[in-house]
Amino acid sequence: DQQVKQNSPSLSVQEGRISILNCDYTNSMFDYFLWYKKYPAEGPTFLISISSIKDKNEDGRFTVFLNKSAKHLSLHIVPSQPGDSAVYFCAASATNQGGKLIFGQGTELSVKP
Amino acid sequence: EPEVTQTPSHQVTQMGQEVILRCVPISNHLYFYWYRQILGQKVEFLVSFYNNEISEKSEIFDDQFSVERPDGSNFTLKIRSTKLEDSAMYFCASSAETGSFYTFGSGTRLTVV
C-alpha cells in the first residue's frame, strides 16, 4: 500500500536550471508534508515542509507546492547546484493517525555542471 | 546544532545472532522512531515510541524486534535472531512533538551473513 509515491526514480538537470521533484499521495488524512534529502551512507536530512493549510512554502532556493485537490506536491530547486545532487524523499503524516512519517521511494537528483 | 547519534555505524552479524542498535535522540525530544532502508528500496517505518511505550508499529516489526529506552537517554532496537533479510540501514529519529519534522541519525548499516 504505497500511500506516498514518487514516480520518477531519477532526474538529471543542468547546473543553474530548475529541478522539479514530484510526489503524489493517496491518504486524504495527511496534513503535513516534508522533503528530506539523503546522501549515501548518511541519514535523511530535513529540507522543507508544508502543512495542509498552505499551498506554498519557500526557503531560499527551495519551494514546496501543495495541490490538495490533486493530492500532489512538488519541490522546486532554483537555481540547481551540483551540491544538490542527492536522493530526495517526499514524506507525509496525518496528525490524527499517529503522526508517523510515510516516505516515498525517493528520486535521485543529479545536477551536472 | 542538536543531532541524533547512532552506534555502531556498521554491524556485521551472523544469522541467528542477536543485535542491539543504539541511538541517542535529541535530549528534549519526546517521540522516537526506528526506520529502515533495504538497499535500493524506500525508507520504511518500523516503530514509534512515546512515554516509555510503543505507540505504533508496522507489520515488519514482529516478535523478533523490540525497543527500549533503558536510561532516559538511549533508545535501542534489538533484533533477537537476525535473518539475512534484516540486512539494511537502520535509522533512528526523534521529534519534539507528533506530526512535526523528525531529526534522523546517520544510520547503522546492519549486514547479516
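Labels below follow one simple rule: chain letters A, B, ... track the order of the sequence lines, proteins then strands, and each chain is numbered from 1. Here the structure is a predicted model, which is why all the values come from computation and not from measurement.
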Just list the side-chain donor-acceptor pairs under 3.5 Å for residues 17-27 of chain B, sequence neighbours left out, or say none.
none

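Interface residues of residues 103-113 of chain B toward chain A, defined by a heavy-atom distance below 4.5 Å and sorted by number: Phe104(B), Gly105(B), Ser106(B). For residues 52-60 of chain A, a heavy-atom distance under 4.5 Å to chain B picks out no residue at all.
Heavy-atom contacts from other residues, nucleotides or ligands closer than 6.0 Å to NZ of Lys5(A) number 12 or fewer. Atom CD of Glu85(B) has more than 12 heavy atoms from other residues, nucleotides or ligands within 6.0 Å. Within a 6.0 Å radius of CG in Leu39(B), other residues, nucleotides and ligands contribute 12 heavy atoms or fewer. More than 12 heavy atoms of other shown residues, nucleotides or ligands fall within 6.0 angstrom of atom CZ in Arg61(A). Atom CG of Asp71(B) sits in a crowded spot, with more than 12 heavy atoms from other residues, nucleotides or ligands closer than 6.0 Å.
Hydrophobic cluster membership differs between Val67(B) and Tyr50(B), with clusters built from Ile, Leu, Val, Met, Phe, Trp and Tyr side chains linked at under 4.5 angstrom. Under the 4.5 Å side-chain heavy-atom criterion for Ile, Leu, Val, Met, Phe, Trp and Tyr, Ile20(A) and Val13(A) are members of distinct hydrophobic clusters. Cluster annotation: Ile48(A) and Phe30(A) are assigned to the same hydrophobic cluster (Ile/Leu/Val/Met/Phe/Trp/Tyr, side-chain heavy-atom contacts under 4.5 Å, transitive). No single ILVMFWY cluster, assembled from side-chain heavy atoms under 4.5 Å apart, contains both Trp34(B) and Ile102(A). Hydrophobic clustering (side-chain heavy atoms under 4.5 Å, transitive across Ile, Leu, Val, Met, Phe, Trp, Tyr) groups Ile50(A) together with Ile77(A).
Taking CD of Gln37(B) as the start and NZ of Lys38(A) as the end, the distance is 5.0 Å to the nearest 0.5 Å. The structure places CZ of Phe101(B) at 12.5 Å from OG of Ser93(A), a figure rounded to the nearest 0.5 Å. From Tyr33(B), atom OH reaches atom CG of Leu101(A) across 7.0 Å, with rounding to the nearest 0.5 Å. Of the inter-residue distances, the one linking Thr95(A) atom OG1 with Glu97(B) atom CD reads 9.5 Å to the nearest 0.5 angstrom.
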*asked:* Show, in sequence, the C-alpha distance, side-chain angles and deciding distance for Tyr35(B) and Phe103(A), and conclude whether the ring pair (Phe, Tyr, Trp, His ring centres under 6.0 Å) test is met.
replied: CA-CA 10 Å; Tyr35(B) 281 75; Phe103(A) 282 84; 5.4 Å; yes

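Neither the backbone nor the side chain of Tyr31(B) comes within less than 4.5 Å of any heavy atom of chain A. Residue Glu44(B) does not touch chain A at all, counting heavy-atom pairs closer than 4.5 Å. Only the side chain of Tyr36(A) comes within less than 4.5 Å of a heavy atom in chain B; its backbone stays farther off.
What you find for Gly43(A) and Phe91(B) is that their closest heavy atoms are CA-CE2, 3.3 Å.
Residues passing the salt bridge (Lys or Arg N to Asp or Glu O under 4.0 Å) test with Glu42(A), sequence neighbours excluded: none.
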